[in-house]
Amino acid sequence: MIENIKQYISEAENYTSDKVDEIEEFRIKYMSKKGGIVTNLFKDFRNIPAEDKKEYGQILNQLKNAVENKVNVLKSALKTVDAGKKDLDLTLPGDSVNLGTRHPISIVRNEIIEIFNRLGFAIAEGPEIEDDWHNFSALNFPKEHPARDMQDTFFVETNPDILLRTHTSNGQVRVMENNDPPIRIIVPGRVFRNEAISARAHCIFHQIEGLYIDENVSFADLKQTLLYFAKEFFGEETKIRLRPSYFPFTEPSAEVDISCTLCGGKGCNVCKYTGWLEILGCGMVDPNVLESSNIDSEKYTGFAFGMGLERIAMLKFGIKDLRLFFENDVRFLSQIQ
Ligand code: DAH
């Protein structure tokens, strides 16, 4: 008899379930007033010989406690799960996973690179810390030439021959020095000028330089290349116009405007009612520049161009303040994909 009860105790202690019905069944099996195991055993109590009553009673109470305890534990475990389920509203939107976005300048740079890649331009790079030769002299800036002042150069204090490049045109020189024509490259990169920071200027900004040198490269090639770029980048309906200009490293030189991306050329406050927006400088590579890099200017001609990425990104995305590109505020950055 005692052995039987011990068996029940261990059964009850090992019992488990997470279903209300099953736990209730378990309770009834042992505790039911009619025919429950524990109830019946208590009924048998009076038939137990007096000398065994004490031991029997103790062990029977143990069984009763074990069953009640088990039922309580399993029921309260159910309640916790239920409470958890009540808080779980499957109709709520999930936690959002914020994916980063590319910086607008990177978006514009990558798109420009892709367009020129399609025309066969390879990517080259030049150093940001440059010497006077590659940033100025080899590009036909004479010493003391006012154009050097125009560029508000940051010089290294201990060595005025070393400076932060003021344009990506240094990349042209470095490629020409080390390669024979045909050369067809673009040079994306950061440039530096000692300018007061405002909505339209910054001391650090980005440019892409282009250079094409071969036999018989003409101004018509330059114009067609830029027209292709403008249409690919700003849209098929885009027109360009070239205005005569001056750069020491190109002759003739021009500045290029595109028809206003906002009003299509009719005139609005973005294009200051001219219908045109300036996007880049360009020209035919000056023979002096070719000769400085040991390229035969009798045999080869070439064109070059340079554009500022911040300006182009401002036009493309309708951004009025260039400083936004440098503040890295995600509320701004995430709007541009
Ligand atoms: N380097 C010029 C600048 O920073 C831009 C430029 C103009 C580059 C004409 C060129 C060019 O290659 O041909 O303002």
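Atom set for the values below is all heavy atoms of this structure, side chains included, hydrogens, waters and symmetry mates excluded.
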Engineer: Restricting to salt bridge (Lys or Arg N to Asp or Glu O under 4.0 Å), what partner residues turn up for E236, sequence neighbours left out?
Structural biologist: K231

Engineer: Considering only residues two or more places apart or on different chains, which pairs with a residue in residues 175-191 satisfy salt bridge (charged side-chain N to carboxylate O under 4.0 Å, His left out)?
Structural biologist: E128-R190

Engineer: Is the side chain of E310 donor-acceptor paired with the backbone N or O of H206 at a distance under 3.5 Å, no angle test?
Structural biologist: yes

Engineer: Is it the case that atom CD in E298 sees more than 12 heavy atoms from other parts of the structure closer than 6.0 Å?
Structural biologist: no

Engineer: Residues two or more places apart in sequence or in another chain: which of them pass ring pair (Phe, Tyr, Trp, His ring centres under 6.0 Å) with H134?
Structural biologist: none

Engineer: Kindly compute the distance separating CZ (F332) from CD1 (I336), expressed to the nearest 0.5 Å.
Structural biologist: 4.0 Å

Engineer: Would the number of heavy atoms belonging to other residues, nucleotides or ligands and lying under 6.0 Å from CG of N216 be above 12?
Structural biologist: no

Engineer: Side-chain donor-acceptor pairs under 3.5 Å in residues 29-47, sequence neighbours left out?
Structural biologist:
{"residue": "Y30", "atom": "OH", "partner": "E11", "partner atom": "OE1", "Å": "3.4"}
{"residue": "S32", "atom": "OG", "partner": "K34", "partner atom": "N", "Å": "3.1"}
{"residue": "S32", "atom": "OG", "partner": "K34", "partner atom": "O", "Å": "2.9"}
{"residue": "T39", "atom": "OG1", "partner": "M31", "partner atom": "O", "Å": "3.4"}
{"residue": "T39", "atom": "OG1", "partner": "S32", "partner atom": "O", "Å": "2.6"}

Engineer: Apply ring pair (Phe, Tyr, Trp, His ring centres under 6.0 Å) to F205 and list each qualifying residue two or more places apart in sequence or on a separate chain.
Structural biologist: none

Engineer: So, K19 and D21, do they make that salt bridge, N to O below 4.0 Å?
Structural biologist: no

Engineer: Centroid-to-centroid, F154 to F192, below 6.0 Å?
Structural biologist: no

Engineer: Any ion pair linking D321 and R200 (charged N to carboxylate O, less than 4.0 Å)?
Structural biologist: no

Engineer: Among all residues two or more places apart in sequence or in another chain, which pass the salt bridge (Lys or Arg N to Asp or Glu O under 4.0 Å) test with D221?
Structural biologist: none

Engineer: Count the heavy atoms belonging to other residues, nucleotides or ligands that lie under 6.0 Å from CD of E157, then report whether that count exceeds 12.
Structural biologist: no

Engineer: So, do F116 and F233 have ring centers that fall under 6.0 Å from each other?
Structural biologist: no

